[in-house]
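Take a look at the structure set out below.
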Amino acid sequence: MKSIIYTKLLFVFLLSIFLSCGTEEIPPDKLIGEWTVYSITDDEQTVIIWNDLKTSLVDLIPEYSCLDFTASATAQLVTTRYTFVDVNSRGCLSPAIAAYTWLKDPETGFYQFTQGNNIINYSISFSNNDNRMTWRDQTSGTTTVWDRVVSVEVTSE
């Protein structure tokens, strides 16, 4: 009787090992998360620090505090959200939101963002413990640097 129980236990144990071998967890891509822009380059490749630009504009016109430049990435989509100033008033325009499907080319390592017929290839690198991300557009050469939005948990004493 004991040998039957041991045989069944051994069978269940081996079956669980066999089944777990085929379900290897692939770590999520470093791109996934919430990001806020740190810097951008203009057409002449001049680096513009976003917070410096925003601070200067808000100092001139306080209503420009609504400026926003963020990205959010899930396993399927990258969504960017830009809110810029309305040069004809003392406020901001409605946010411009763009959503792209994405994939990482295993051969080149480039990230391909697709929106309809528009395809953008980025070389994306990570630094600062994967909390800073740099996008280099492979066509235009422009660079955007992002910082991961890290939520700080507040505890009360």
Side-chain angles (χ1 to χ4, degrees), residues 16 19-157:
S16 65
L19 291 176
S20 67
C21 288
T23 58
E24 181 181 336
E25 285 285 323
I26 298 173
D29 196 281
K30 296 174 189 178
L31 173 70
I32 296 173
E34 302 295 320
W35 301 88
T36 186
V37 75
Y38 172 76
S39 67
I40 54 177
T41 58
D42 62 13
D43 293 339
E44 287 86 38
Q45 301 301 312
T46 304
V47 175
I48 300 167
I49 305 298
W50 182 259
N51 281 338
D52 292 349
L53 172 66
K54 182 175 179 177
T55 299
S56 297
L57 290 172
V58 170
D59 284 347
L60 292 172
I61 301 174
E63 292 85 357
Y64 287 169
S65 63
C66 55
L67 284 170
D68 186 34
F69 193 177
T70 60
S72 176
T74 67
Q76 296 83 26
L77 290 175
V78 171
T79 306
T80 57
R81 176 185 169 107
Y82 307 98
T83 304
F84 292 113
V85 298
D86 183 345
V87 294
N88 297 317
S89 72
R90 295 180 63 92
C92 289
L93 299 168
S94 296
I97 300 171
Y100 302 86
T101 58
W102 68 275
L103 60 86
K104 184 176 180 181
D105 186 314
E107 292 180 21
T108 64
F110 292 152
Y111 287 73
Q112 187 176 74
F113 289 16
T114 305
Q115 183 186 52
N117 292 330
N118 185 23
I119 298 172
I120 306 169
N121 285 306
Y122 288 106
S123 167
I124 298 180
S125 60
F126 297 88
S127 60
N128 193 24
N129 293 325
D130 299 332
N131 289 316
R132 176 154 287 175
M133 171 174 64
T134 303
W135 293 4
R136 285 190 182 80
D137 185 316
Q138 296 303 292
T139 303
S140 69
T142 60
T143 301
T144 308
V145 178
W146 304 87
D147 285 332
R148 187 179 300 278
V149 176
V150 180
S151 61
V152 178
E153 207 172 294
V154 178
T155 58
S156 60
E157 294 182 33

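What you see is a predicted model, and the numbers here were worked out from it, not measured in a lab.
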Donor-acceptor pairs under 3.5 Å, side chain of residues 109-127 to any protein atom, not counting sequence neighbours: which ones?
| unit_1 | atom_1 | unit_2 | atom_2 | d |
| --- | --- | --- | --- | --- |
| Y111 | OH | D29 | OD1 | 2.9 |
| Y111 | OH | D29 | OD2 | 3.1 |
| Q115 | NE2 | A99 | O | 3.4 |

Quiz prompt | side chain to side chain contact (heavy atoms under 4.5 Å, CB included) partners of T46, counting only residues at least two apart | solution = D42, E44
Quiz prompt | Minimal non-hydrogen separation, C66 against G91, with atom names | solution = SG-C, 4.4 Å
Exercise. Would you mind reporting whether V78 and L31 have side-chain heavy atoms less than 4.5 Å apart?
Key: yes
Practice problem: Please say which of D59, L53, D52 ends up in a side-chain contact (heavy atoms from CB on, under 4.5 Å) with T55. | Solution: D59
Practice problem: Looking only at non-hydrogen atoms, find the nearest pair between T80 and W135 and report the distance. | Solution: CG2-CH2, 4.3 Å
Quiz item: Quick one: CZ on R148 to CE on M133, what's the gap to the nearest 0.5 Å?
Solution: 7.5 Å
Quiz prompt | Centroid-centroid under 6.0 Å between W35 and F69 rings | solution = no
Quiz item: What's the spacing between Q76 CD and T79 OG1 if we round to 0.5 Å?
Solution: 10.5 Å
Quiz item: Between T70 (side chain) and T36 (backbone), is there a donor-acceptor pair under 3.5 Å?
Solution: no
Self-check item: Candidate pair R81 and D68, rule salt bridge (charged side-chain N to carboxylate O under 4.0 Å, His left out), full reasoning
Solution: CA-CA 7 Å; R81 176 185 169 107; D68 186 34; 3.2 Å; yes
Quiz item: What pair of heavy atoms forms the shortest contact from R90 to P62, and how long is it?
Solution: NH2-CD, 4.0 Å
Quiz item: Would you say T144 and W50 make side-chain contact, with heavy atoms under 4.5 Å?
Solution: no
Quiz item: When rounded to the nearest 0.5 angstrom, what is the spacing between OG in S65 and NZ in K54?
Solution: 6.5 Å
Exercise. Find the distance between OG (S56) and CG (N51) and round it off to the nearest 0.5 Å.
Key: 10.5 Å
Practice problem: Please report the shortest heavy-atom distance between Q138 and R136, naming the atom on each side. | Solution: NE2-O, 2.9 Å
Quiz prompt | Separation between CG of D105 and OG1 of T108, rounded to the nearest 0.5 Å | solution = 3.5 Å
Practice problem: Evaluate the side-chain proximity of N131 to V150: yes if any heavy-atom separation is below 4.5 Å, no if none is. | Solution: yes
Quiz item: Side chains of L67 and T83: does their closest heavy-atom pair fall under 4.5 Å?
Solution: no
Quiz item: Looking at side-chain heavy atoms only, is the closest gap between V37 and V145 below 4.5 Å?
Solution: no
Quiz prompt | Distance, nearest 0.5 Å, that separates CD1 of I32 from OG1 of T74 | solution = 7.0 Å
Quiz item: Could you walk me through whether Y38 and W146 pass the side-chain contact (heavy atoms from CB on, under 4.5 Å) check?
Solution: CA-CA 5 Å; Y38 172 76; W146 304 87; over 6 Å; no
